Number of protein chains: 2
Amino acid sequence: MDRLSLNNNDKKVRDWLANEAKALGCSVTVDQMGNMFIVRKGQAAKETNFAPVMMGSHLDTQPTGGRYDGILGVMAGLEVLRTLHEANFETKGPVGLVNWTNEEGARFPLVTVASSVWAGLTPLDTAWDCTEITAPAPDSDGPQTMKQELQRIGYLGDMEASYKAIPIAAHFELHIEQGPILEREGRKIGVVTGSQACHWFEIEVRGRDSHAGTTPMEARMDALLASAKMITAANAIAKAEQGLVTTGRFRALPGSVNTIAHTVQFTLDIRHVRDDVVASMVEQCRIKFAAIAKEDAELGVKVQWTTLAENTAVHFDKDCIQAIESAVDETCKREVPGAWKHMTSGATHDSCNVSRRCPTAMIFTPTKDGLSHTPVEYCKPEDCILGAQVLLGAVLRYDAARKDLV
Amino acid sequence: MDRLSLNNNDKKVRDWLANEAKALGCSVTVDQMGNMFIVRKGQAAKETNFAPVMMGSHLDTQPTGGRYDGILGVMAGLEVLRTLHEANFETKGPVGLVNWTNEEGARFPLVTVASSVWAGLTPLDTAWDCTEITAPAPDSDGPQTMKQELQRIGYLGDMEASYKAIPIAAHFELHIEQGPILEREGRKIGVVTGSQACHWFEIEVRGRDSHAGTTPMEARMDALLASAKMITAANAIAKAEQGLVTTGRFRALPGSVNTIAHTVQFTLDIRHVRDDVVASMVEQCRIKFAAIAKEDAELGVKVQWTTLAENTAVHFDKDCIQAIESAVDETCKREVPGAWKHMTSGATHDSCNVSRRCPTAMIFTPTKDGLSHTPVEYCKPEDCILGAQVLLGAVLRYDAARKDLV
């Protein structure tokens with residue numbers, strides 16, 4: 001799947017979704033960020049505009065994306081609405097579906113930006129002015145902004161993109177896990193209780209370039225060796241804390257076979273479920289890196305940390321989580337015990353933004369080999385069905401328990 | 001100093017050197033590689049063309065080079081000839097000076113190529129066809145070959161560049177150490193007994209790219225982490241064997257902060273005085289890298305080795321070394337004991353090629369902070385003088401002991 005946000009394919013699937021929703025008697029509201037709010041009325045909503053219980057995810061993909069990331073959540077939400085419609089089932093309050101714009105950040109490099117604007121976390125203009133970083137369409141006159149593309153495909157809505165203008169009573173997101181845990185443990189459903197804290201750093205290590213043949217090991221200030229030791233040490237810290245540390249970018253200068261590197265820049269992506277543990281891992285890395293810069297006679301390198309991003313942990317809503325637990329218990333009652341488990345999301349999702357403004361929780365389905373953002377991304381049909389079933393059950397339970405519909 | 005081989009500045013200094021040599025009554029022969037052979041006749045050579053005892057080094061530099069690397073050896077050699085001339089001293093056999101072309105390999109990327117052609121180790125055409133990799137001169141029509149540039153500056157000689165056509169009786173090279181050992185130990189002279197073995201490899205580590213947030217540590221195939229561990233391990237092996245291991249180039253793909261690297265390529269420069277120890281270090285690295293690729297649950301990476309270069313150790317000539325030892329003993333007799341030491345060259349020099357065809361040895365002088373290939377490269381005037389004095393003494397001793405001049 002190659003459906004970059006707001007391109008012609010995105011317009012096509014949006015138009016299709018809107019038509020499907022209208023065919024089910026739902027209203028479709030588009031806000032200034034192109035977020036599509038599809039709502040099916042409930043009993044209580046006949047007279048008044050109560051906030052709906054929403055299912056939400058996204059239809060945009062990475063340039064070489066799969067067919068499940070985001071898409072599963074929207075399709076399952078539509079199937080829930082279709083099921084309610086066909087069963088002529090009347091929920092207490094309104095129930096609906098959101099298609100959040102540009103979740104991937106692949107075309108416009110702001111991940112989950114439209115839900116962030118809705119949640120009041122990112123200013124509208126910042127999002128609107130964001131310019132595409134992927135190749136512009138052949139018929140366009142150069143790179144376009146989000147606002148230009150929203151306008152071009154007819155999805156620049158009038159409604160303010162805001163939780164105040166478009167309130168949501170609760171938000172449920174079904175998503176593939178994008179990791180190997182459920183598959184490896186033979187489980188069917190992850191009840192997602194929150195999202196990891198995630199800090200990004202760029203580390204610059206400065207040593208001294210010198211001749212690889214004439215400089216004894218103990219007379220070196222080898223920025224690359226120091227960096228290798230730091231990455232190895234950070235990995236050990238991650239393991240001890242049961243967190244995650246990743247170095248994905250690494251640049252060594254001057255980059256000659258027989259010259260000791262004078263400068264290395266590498267990134268650290270540090271994650272853990274708990275903010276205090278991330279803080280502790282960062283602190284341990286700082287201490288360890290400083291020690292590595294001194295421990296060996298050959299090292300006297302300088303280490304400089306630059307923070308690239310700091311996202312605190314997200315904790316989903318207890319009632320939403322309970323609604324999912326109850327639904328999955330019923331759905332899986334024929335399954336062996338342990339068919340589901342509590343999980344923390346490793347990746348960022350629109351639900352992380354949405355959860356700042358309304359009760360939220362997520363449901364994960366197994367992902368073959370844990371692979372996502374690739375054409376081989378796969379979730380078995382029976383697992384997709386199970387996920388959709390749990391989504392339906394959670395929404396109905398949450399709706400039935402609503403006390404705000406008076 | 002920025003005197004790239006065969007550029008206009010190189011022509012200038014060559015012309016100057018030839019004039020200085022002729023003013024001392026020396027002959028100047030230029031071969032097909034632009035190597036300049038300056039010869040002062042000895043007693044025995046009045047009738048016959050005996051091979052001369054040569055002093056040799058190079059006048060080309062790195063683009064941001066210093067004023068000593070190579071230059072010291074040529075200037076000291078000229079000073080020796082001048083001293084002999086002014087003292088009206090008659091050596092037994094002829095004594096001379098070689099300026100080897102393109103030692104640095106900075107402009108034409110073949111290090112010590114002209115002495116290699118002379119020694120019959122590199123074909124003439126390979127050298128001639130070598131194209132410059134530094135920026136071509138503004139008035140040139142694109143990158144030039146060595147042959148074109150030899151012709152342009154008037155140093156494409158007629159004489160075959162060969163140890164057969166231009167035999168050398170013995171070769172002495174005075175050079176800055178380019179390392180910190182003499183300075184750190186407070187010594188004045190290094191008597192160089194040979195050159196390290198040096199093997200170059202490119203290591204490719206292939207893992208699997210996956211999401212930094214959703215992939216548990218134990219489910220990763222992190223090519224970058226594996227590489228960091230390998231570099232750290234190779235360093236430990238080098239220390240244990242008192243050899244040298246350097247990684248100067250490192251490339252990680254795809255190079256995204258929150259994506260685990262699927263591929264890393266890095267270089268290994270492995271050196272030791274002894275060929276068998278280099279072989280052992282390589283073997284230890286192979287075993288250790290293979291173990292790292294398996295040792296942790298998260299690693300199942302593939303490791304591939306490509307050999308880039310394999311230079312065996314060079315052992316200089318016993319008689320040449322003795323001539324230097326004797327000269328340095330006399331020169332330093334006013335110095336404290338320990339004013340000199342035996343050393344092995346970490347870097348490659350023209351003498352390594354020359355030593356394959358005639359008795360050879362080298363003399364090192366201290367280098368401030370061990371720094372070379374940089375404008376701050378420095379050797380104290382008194383250390384330069386001492387080096388030149390030892391060079392003179394070694395040449396005279398070797399000449400006096402010659403038994404081939406009948």
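Small disclaimer: the values here were computed from a predicted structure and weren't measured. Numbered from 1 within each chain, the chains take letters A, B, ... in sequence-line order.
Under the 3.5 Å distance criterion, with hydrogens and angles disregarded, a donor-acceptor pair is assigned to the side chains of A:D69 and A:H175. Using modelled atom types, one finds no donor on one side chain facing an acceptor on the other under 3.5 Å when comparing B:E177 with B:T367. There is a side-chain donor-acceptor pair under 3.5 Å between A:T112 and A:N353.
Ranked by heavy-atom pairs under 4.5 Å with chain B, the first of A:N235, A:D269, A:T348 is A:N235. Ranked by heavy-atom pairs under 4.5 Å with chain B, the first of A:V245, A:V257, A:D222, A:T344 is A:V257. If you tally non-hydrogen atom pairs under 4.5 Å between each of A:T374, A:T267, A:D369, A:V264 and chain B, the highest count goes to A:T267. Among the candidates A:A226, A:S256, A:A261, the residue making the largest number of heavy-atom pairs closer than 4.5 Å to chain B is A:S256. Between chain A and the options B:A309, B:A234, B:G255, B:C198, the largest number of non-hydrogen pairs under 4.5 Å is found for B:G255. Looking only at heavy-atom pairs under 4.5 Å with chain B, the residue among A:S210, A:S345, A:P216 that has the most is A:P216. Chain B forms more heavy-atom pairs under 4.5 Å with one residue of A:L253, A:L268, A:I231 than with any other, namely A:I231. Heavy-atom pairs under 4.5 Å with chain A were tallied for B:I260, B:L308, B:T232; the largest tally goes to B:T232. When B:A228, B:S227, B:G179 are compared by the number of non-hydrogen pairs under 4.5 Å with chain A, B:A228 comes out ahead. Between chain A and the options B:A252, B:A347, B:S195, heavy-atom pairs under 4.5 Å are most frequent for B:A347.
In this structure, the side chain of B:N258 does not engage the main chain of B:H211 through any donor-acceptor pair within 3.5 Å. Put simply, the side chain of B:T215 never gets that close to the backbone of B:A212: no donor and acceptor are under 3.5 Å apart.
Within the 4.5 angstrom heavy-atom criterion, atoms from both the backbone and the side chain of A:Q178 approach chain B. Using a 4.5 Å cut-off between heavy atoms, B:T246 touches chain A through backbone and side chain atoms alike. At a 4.5 Å heavy-atom cutoff, the contact between B:T259 and chain A is made by backbone atoms alone. For A:I181, the part sitting under 4.5 Å from any heavy atom of chain B is the side chain, from C-beta outward, and nothing else. For chain A, the nearby part of B:L371 is the side chain; its heavy atoms alone come within less than 4.5 Å.
A side chain to side chain donor-acceptor pair (under 3.5 Å) with B:Q265 is found for one member of B:E204, B:E202, B:R206 and no other, namely B:E204.
Look at A:E183 and A:K368 and you find no salt bridge, because none of the NZ, NE, NH1 or NH2 atoms lies under 4.0 Å from a carboxylate O. With salt bridges taken as basic N to acidic carboxylate O contacts below 4.0 Å, none links B:R271 and B:E241.
Here the CG atom belonging to B:N311 is positioned 8.5 Å from the CH2 atom belonging to B:W200, to the nearest 0.5 angstrom.
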Give the C-alpha distance, both sets of side-chain angles, the deciding distance and a yes or no for side chain to side chain donor-acceptor pair (under 3.5 Å) between B:D209 and A:H373.
-> CA-CA 10 Å; B:D209 48 338; A:H373 289 188; over 6 Å; no

